[in-house]
There are 2 protein chains.
Amino acid sequence: MPRKPRIVKRSGDQTAQEEPAPGSAKRHQIMQGALAVFLEYGYKGTSMDRVAEEAGVSKQTIYSHFEDKEHLFHELVEYLSGSLFPEQQDHTKLFELEPEAFLIRVSQLFFEQMDRWEYKSFFRVVVAESGRFPELAQLYVKRAVEPGLAVLVAYFEKHPELRLQDPEVIARIFRGSLASFALVQDILQGKRLVPMSRERYISGLVETVLISYQRKPD
Amino acid sequence: MPRKPRIVKRSGDQTAQEEPAPGSAKRHQIMQGALAVFLEYGYKGTSMDRVAEEAGVSKQTIYSHFEDKEHLFHELVEYLSGSLFPEQQDHTKLFELEPEAFLIRVSQLFFEQMDRWEYKSFFRVVVAESGRFPELAQLYVKRAVEPGLAVLVAYFEKHPELRLQDPEVIARIFRGSLASFALVQDILQGKRLVPMSRERYISGLVETVLISYQRKPD
DNA sequence: GTCTATACCGAGATAGAC
DNA sequence: GTCTATCTCGGTATAGAC
């Protein structure tokens, strides 16, 4: 668990000399602390005291920047949605790959993303609160799921030689297979119970999707 | 927020003299209340007061049957794992279906299960607490995921004519695709953002898996 | 705007009567 | 074993000094 930008509280007089740009700096500082605590303990498990401690500010400072805990959580989720899934960089290099290499690369990128603890924790929180905060779940779908599907669909549609009947469905199958694998193996700790290497899974998945393409016409 | 009227229904025999046994009526009554509250509000969001109210017993009665909140939660998850995913009934009828019908039926059964609110809520809680209660997540994998995979693998291995290179991987792809679809569409409320019918998805998924089988040799 | 201190409530858990 | 009443702690949010 990497983290802990703790600020040691100073006793006695404090000549606030090192304060750079009071307003948004403090706000960002609070967000960082909130990020660490919310992602680790979930919404209900997070206390404002803990956030204040983690951010190195007083509780009242938090309440001077955010209306209440729920608003803080909302802003954090929006911030994370933009931070964890940045706007699509150009996929020109990716699109130049041939089908098999493309799908393998996409899979690797997916798992690289999934291996970040922020991502796993964020996913847990989003799923956990998807009943009470549906709009946050939808934001996740919009920022984390849709863009990945769009890339796959775009590639598939530019490669009719793959002979894919329904590119949108295939894209979901591909992305969904990767996501479920990561969910069961990593998030739900299924590695020990039903171990399987990512390489084997990716290989089988790519082969399944491309089977019409790879099959040599007799 | 209106709430359900609390009725304590006692069946005839209630000796109520011996120590609480695993099968006692009160114990079951508490579990039912705990089930409703934990599934709706999650672990941290559930208070023992609320459970007592929902179960129609006093709080102390809960503590006479369960050591503390965490133990109650543990027992509840074990109970739910056995209740929501009962021991495999014989799949003889299922196994008699031909490949396409078999996979379609399996998909339908999966979604029928997913449509129960207990299942969705249970999934949310399991994912939410998978970091703090890893053994519960593994129990879920063991009871909810593995059996489904086993059925698919068994079928695939009895049908070599399907020409599936790696039945275990294909089983995971199939089951994982279904799970991700339900996750995005239903749990994460993606229906409105990226709508797609289950029929279209199942159709494409079955077709993809069986493509080697269905392709007529030229 | 930021701090310390505090109000107020609900949480988990327990005591003691019956 | 079950209840009512209560303890103690930690939760969100606010007051008032600077």
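Here is the naming used below: chain letters follow the sequence lines, and residue numbers restart at 1 for every chain. What you see is a predicted model, and the numbers here were worked out from it, not measured in a lab.
- Rounding to whole angstrom units, CZ of residue A:Phe66 and P of D:dT12 are separated by 15 Å.
- Each of C:dG12, D:dT12, C:dT2 was ranked by its minimum atom distance to the side chain of A:Lys26; first place goes to C:dT2.
- Atom C1' of nucleotide C:dT14 and atom CE of B:Met48 are separated by 12 Å, given to the nearest angstrom.
- Of the candidates D:dT4, D:dT12, C:dT4, D:dT12 carries the atom nearest the A:Ser47 side chain, counting heavy atoms from C-beta on.
- Between A:Asp186 and A:Arg198, at least one side-chain nitrogen of the basic residue sits less than 4.0 Å from a carboxylate oxygen of the acidic one, meeting the salt-bridge criterion.
- The aromatic rings of A:Tyr119 and A:Phe85 sit perpendicular, their planes meeting at an angle over 60°, well past the 30° parallel limit.
- One interatomic measurement links the two molecules: NZ of B:Lys44 to C1' of C:dG10, which rounds to 14 Å at whole-angstrom precision.
- Between the C1' atom of C:dT4 and the CD atom of A:Glu53 lies a distance of 16 Å, rounded to the nearest Å.
- Both tests pass for B:Lys69 against the ring of B:Tyr43: distance under 6.0 Å to the centre and angle within 45° of the axis.
- Computed from coordinates, the B:Lys59 NZ to C:dT14 C1' distance equals 9 Å when rounded to whole Å.
- Of the candidate nucleotides C:dA13, D:dT2, D:dT12, D:dT2 has the atom lying nearest to any side-chain atom of B:Ser64.
- Side-chain proximity of A:Tyr63 to C:dT4, D:dA13, D:dC3: nearest is D:dA13.
- Proximity note for A:Asp49 (side chain, C-beta onward) versus C:dC3, C:dA15, D:dG11: the nearest is D:dG11.
- Distance from the side chain of B:His65 is smallest for D:dT2 among the nucleotides D:dT14, D:dT2, D:dC3.
- A cation-pi contact, defined as under 6.0 Å to the ring centre and within 45° of the axis, links B:Arg27 to B:Phe66.
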